[in-house]
Protein chains: 2
Amino acid sequence: MSALGTAVDILRCFSEARPELSFAEIMAATGLPKSSTSRMLRALREARLLEQDEVTRRFRPGLLTFELGRLYRAHDDLIGRAETALKEVCARTGHTGYIAVLDGCDQMVLRMVPGSNPLRVVSPAGQRGSAIATSNGRAMLARLSDTEILARLPVPFPVLPRNSPHSPAELLGRVAEIRRTGQSASDNEAIEGVASQGFALCNRETGEMIGVAVSYSSQATPPEERAHVARELEAMARAVGSVIGDAVWGQSREAAR
Amino acid sequence: MSALGTAVDILRCFSEARPELSFAEIMAATGLPKSSTSRMLRALREARLLEQDEVTRRFRPGLLTFELGRLYRAHDDLIGRAETALKEVCARTGHTGYIAVLDGCDQMVLRMVPGSNPLRVVSPAGQRGSAIATSNGRAMLARLSDTEILARLPVPFPVLPRNSPHSPAELLGRVAEIRRTGQSASDNEAIEGVASQGFALCNRETGEMIGVAVSYSSQATPPEERAHVARELEAMARAVGSVIGDAVWGQSREAAR
DNA sequence: CCAGTCTGTTCCAAAATAAGGAACCATGTT
DNA sequence: AACATGGTTCCTTATTTTGGAACAGACTGG
């Protein structure tokens, strides 16, 4: 275990759910001995990767993370194009859109595009969740081989919401269906009461991949509205996919098969 | 030099001006030998602190920085209060507002509040610059002792725009004036053609400090407009300052002296 | 084809750092 | 005083990190 690895183990303890942690919490979460924890926290603080509240003594991400995080794909061409197109989709449908990337078998929301619908799904940028339980997450997984997918799965298979896949085999079945149509849907999964449709985009040149989704209330969205969303997403996928050379969307569906 | 220190040296090479860097550029910027550079970049990539474009081979901040950066003071009470108040100031004055923190003798913009004025100053969140050359930067420095300020200055004193302080003595003189009034101004400094007014806020309990500023076109903003901005900022400083127990703004000016 | 350049990677022994347990410290509570 | 919590420092051992050298791959020009 390298010093950098230890540092990153600590950094990974912080999340939306736990943006601040105490000495003891970090020690428990990492399993590091007291002295190692103390030294490493001091080093991280001095490096500005963490900072410490003077009163509560709790640690939180530091200024350097803010600075670097701001730079993360700030001028990414694929994300820029997708975001522009998604804004139009969300303007027309009224629903909330998301752009995410895959990390292991998690997905991380990079961009959120608000819709105008009064019933609002809010899952802010920076939100991490299982890719297995979301439409765009599964769409991204569908771009990998079955072997690659299986290699990413944690053991044991994670406990997921009731409508999500509950085994590797079930996941692969879902993924096969997504590969056939290019589109992916979820209903009452990652967030109860919320449904979504999504697809993946992959830049042929760079291998960069993102997942795009539009979320809406499961109960309040009738089938014809869902069909509308599906058409909008397909049109968007084709428009952006043709520019970036996406293997699925960059040409006609017939030729892709 | 620790491994973490080396890693951070590399991370600090990235900036708004240089969001992506090649192997050779990182090597040159850090002075690290080739083999050290190669190993450390690999470790940073595996840790998701950096990622690498597959085509250009250039490195850039990775997903973990995005994730942690999102958490940075996301729910900070002082910043939240200041941002709410600043939004009202900017709505009333039409100009752009900023909230920044001090890092060494630099300042880092954390929040930008757009104004409605058609002539727009844009200095996005994540922007780093010398605190010596900005109104709110100097206001934050004014909250430190002269000794503390001098300890933060790089040697030699940095080359700064023409209206900025050009020596430690000149800076201390400016700072003394800010300490007297609580307010700080700049004109044609960090950005040519741009003027700003600012002040600092310091949470008595936690020691947390931020600098607030409103920027506007130097040429297009007459004195009565500037006076209006000054009054707005003073009112904001008092309102927020009294809540957080700021030493300067948390009570009347007479009692503070 | 060969040589040179650029972008890296790997090897290896020495140097440096990091590690963990134990002792210690400071503060607060019973 | 004893105990609990949040740490810090010491010290010896183990592990990691280091940098120069050798190597590798891709590309360009003669």
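So that the names make sense, note that chain A is the first sequence line, chain B the second, and so on, each numbered from 1. If you're wondering where the values come from, they're calculated on a predicted model, not measured in any experiment.
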Within the distance-only criterion (no hydrogens, no angle test), does the side chain of B:Thr30 pair as donor or acceptor with the backbone N or O of B:Ile26 below 3.5 angstrom?
yes
Distance check needed: D:dG7 P versus A:Arg45 CZ, whole Å only.
9 Å
Which atom pair, heavy atoms only, marks the closest approach of B:Leu71 to A:Pro61?
CB-CG, 3.8 Å
Which part of the nucleic acid, if any, lies within reach of B:Thr37 when heavy atoms closer than 4.0 Å are counted: base, sugar-phosphate only, or nothing?
nothing
Separation of A:Ile10 atom CD1 from C:dA19 atom C1', in whole Å?
13 Å
Specify the residue among B:Ala24 and B:Arg42 whose closest nucleotide of DNA chain C lies further upstream toward the 5′ end.
B:Ala24
Could a donor-acceptor pair under 3.5 angstrom be found where the side chain of B:Ser35 meets the base of D:dG20?
yes
Could you tell me the separation between the CZ atom of B:Arg58 and the P atom of C:dG8, rounded to a whole number of Å?
10 Å
Atom-to-atom span, CZ of B:Arg39 to P of D:dA21 - whole angstrom:
15 Å
Could you state the atom-to-atom distance from CG of A:Leu41 to C1' of D:dG7 in whole Å?
10 Å
Could you tell me the separation between the NZ atom of A:Lys34 and the C1' atom of C:dC24, rounded to a whole number of Å?
10 Å
What is the distance from CE of A:Met40 to P of C:dA18, rounded to the nearest Å?
7 Å
Taking only the side-chain heavy atoms of A:Pro33 (C-beta and beyond), determine which of D:dG7, C:dG8, C:dG20 contains the nearest atom.
C:dG20
Is it true that A:Arg179 and A:Asp146 have a side-chain N and a carboxylate O under 4.0 angstrom from each other?
yes
Listed nucleotide nearest any side-chain atom of A:Ser2, set C:dT7, D:dG6, D:dT17:
D:dT17
Is there a donor-acceptor pair under 3.5 Å between the side chain of A:Gln52 and the backbone N or O of A:Arg57?
yes
Output the rounded distance in Å from CD1 (B:Ile26) to P (C:dT7).
12 Å
Indicate, with a heavy-atom threshold strictly under 4.0 Å, whether A:Gln52 touches base, sugar-phosphate, or nothing.
sugar-phosphate
Please compare A:Ser38 and B:Ala3 by the position of their nearest nucleotide in DNA chain D and report the one closer to 5'.
A:Ser38
Which is more 5' along DNA chain D, the nucleotide nearest B:Leu32 or the one nearest A:Ser36? Just name the residue.
A:Ser36
Please work out which of the three classes, parallel, tilted or perpendicular, describes the rings of B:Trp249 and B:Phe199, given edges at 30° and 60°.
perpendicular
Does B:Ser22 reach a base, just sugar-phosphate, or nothing at all? Heavy atoms under 4.0 Å.
nothing
